[in-house]
Amino acid sequence: MESDNNNLAAENHENGLKHLGNTLLKSKSLVPTFLRSAVSSQASGWVDILVGFVMFYWIFNQHLSWLATGIGVVAGGIVNCIICYKFTFRAENCSWKAVVVKYALVWIGNLILNSAGTDGLYYLLTRWNTLEELGFKPAGYYTAARLAMSLLVSWFWNFILQRNFVYRPSRFDPYAVRFMTRILDFLHIRHKD
């Protein structure tokens with residue numbers, strides 16, 4: 001009898017874990033989607049850093065750091081777009097051409113918000129004398145500003161726009177598809193819709 005209860009408890013536990021796994025991997029509700037977004041962001045961040053280091057140290061022989069960083073950022077962005085398309089938001093009903101254009105628009109906004117926001121927050125922090133009295137060092141102001149802006153832009157710009165605009169069909173899609181098709185045709189790149 002006790003053996004049957006233990007088997008039943010183990011089976012219920014296993015079913016509960018399967019249900020939790022399916023929920024995390026397949027649900028389109030906010031929290032599971034946000035968690036998948038964090039995973040894709042982490043993966044693309046690692047690609048960004050790895051490609052940037054490889055380019056800087058082995059390809060450009062420790063020169064052209066700006067170009068190595070730029071290539072890493074683009075590689076990370078491509079990986080993020082693909083993972084989000086296939087895994088995070090499951091945008092099967094959205095044209096990949098529209099996704100590329102919409103993702104690029106959000107990515108450009110991300111770049112502007114992170115750059116301008118970090119600069120503005122850094123400026124404000126350097127003017128706040130109380131921070132130095134609390135033990136903050138001026139060198140830490142940039143780190144604090146960069147980290148704060150990165151998190152804010154990630155949560156309130158990237159995630160919201162990716163979830164509600166980039167990976168969902170919209171009235172903007174036909175224009176985006178037309179634009180992407182013209183670019184591909186101009187570059188003589190064969191493509192499917």
Side-chain angles (χ1 to χ4, degrees), residues 15-52 55 69-121 146-193:
N15 287 339
L17 288 176
K18 282 182 183 178
H19 177 70
L20 177 62
N22 282 333
T23 299
L24 288 174
L25 292 175
K26 296 178 182 175
S27 174
K28 291 197 176 195
S29 63
L30 182 65
V31 173
T33 303
F34 184 78
L35 292 174
R36 288 192 309 267
S37 175
V39 169
S40 65
S41 179
Q42 192 66 218
S44 62
W46 282 105
V47 168
D48 173 346
I49 289 170
L50 181 65
V51 169
M55 298 308 269
T69 300
I71 292 170
V73 166
V74 169
I78 290 169
V79 166
N80 184 263
C81 186
I82 292 168
I83 292 173
C84 285
Y85 185 78
K86 295 286 188 184
F87 171 70
T88 304
F89 299 103
R90 290 186 179 74
E92 298 92 16
N93 58 348
C94 198
S95 165
W96 69 268
K97 291 177 185 178
V99 167
V100 168
V101 172
K102 293 187 292 185
Y103 185 90
L105 291 172
V106 171
W107 188 79
I108 290 167
N110 170 15
L111 179 66
I112 293 167
L113 288 170
N114 268 303
S115 298
T118 299
D119 192 49
L121 189 54
R146 181 71 181 96
L147 184 59
M149 284 313 302
S150 180
L151 289 172
L152 289 171
V153 170
S154 175
W155 293 337
F156 298 109
W157 176 264
N158 293 344
F159 178 72
I160 289 172
L161 285 175
Q162 286 180 0
R163 184 169 191 254
N164 298 308
F165 172 65
V166 174
Y167 297 102
R168 286 194 181 174
S170 71
R171 291 188 299 207
F172 178 73
D173 287 7
Y175 304 105
V177 168
R178 206 171 313 135
F179 176 76
M180 190 69 192
T181 300
R182 286 185 181 154
I183 288 176
L184 294 171
D185 289 344
F186 176 78
L187 297 172
H188 302 291
I189 297 174
R190 299 171 92 194
H191 54 90
K192 294 181 183 178
D193 290 334

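Small disclaimer: the values here were computed from a predicted structure and weren't measured.
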Taking atom CZ as the centre, does F172 end up with more than 12 heavy-atom neighbours from other residues, nucleotides or ligands that are less than 6.0 angstrom away? yes
About how many Å separate CG of L187 and CZ of R182, when rounded to the nearest 0.5 Å? 14.0 Å
For I160 and W155, which heavy atoms make the closest approach, and how far apart are they? CG1-O, 3.8 Å
dist M149:CE -> T118:OG1 (nearest 0.5 Å) comes out at 6.0 Å
Which value, rounded to the nearest 0.5 Å, describes the distance between T181 atom OG1 and F186 atom CZ? 15.0 Å
Does a side chain donor of either N93 or R168 reach within less than 3.5 Å of an acceptor in the other side chain? no
Q42 CD to I83 CD1 distance, which is reported to the nearest 0.5 Å: 11.0 Å
With a 4.5 Å limit on heavy-atom distance, are the side chains of L161 and Y167 in contact? no
Taking ring-ring contact (aromatic ring centres under 6.0 Å, His included) as the test, write out the residues that go with Y85, two or more places apart. none
For V106, does its backbone N or O pair with a side-chain atom of W157 as donor and acceptor, under 3.5 Å? yes
Once you round to the nearest 0.5 Å, how far does CG of N110 lie from OG of S150? 8.0 Å
All heavy atoms of V73 vs all of D48, minimum pair found to be N-OD1, 3.5 Å
Under 6.0 Å from the six-membered ring centre of F165 and within 45° of its axis: does the NZ or CZ of K102 meet both? yes
Indicate yes or no for a side-chain donor-acceptor contact from S44 to the backbone of S41 under 3.5 Å, with no hydrogens or angles considered. yes
For K97 and D173, what are the C-alpha separation, side-chain angles and deciding distance, and is it a salt bridge (charged side-chain N to carboxylate O under 4.0 Å, His left out)? CA-CA 8 Å; K97 291 177 185 178; D173 287 7; over 6 Å; no
Is S154 close to F159 at the side-chain level, that is, under 4.5 Å between some pair of heavy atoms? no
Could you report the tightest heavy-atom contact between C94 and P169, atom names first, then the distance? SG-N, 3.9 Å
Residue pair T88 / S40: nearest heavy atoms and the distance that separates them: OG1-OG, 3.4 Å
If every non-hydrogen atom of Q162 is compared with every non-hydrogen atom of N80, which pair is closest and at what distance? NE2-OD1, 3.7 Å
Heavy-atom pair with the smallest gap, counting every atom of A176 and V101: O-CG2, 3.5 Å
Once you round to the nearest 0.5 Å, how far does CZ of R190 lie from CG of D185? 12.0 Å
For residues T33 and R36, is any side-chain donor paired with an opposing acceptor at under 3.5 Å? yes
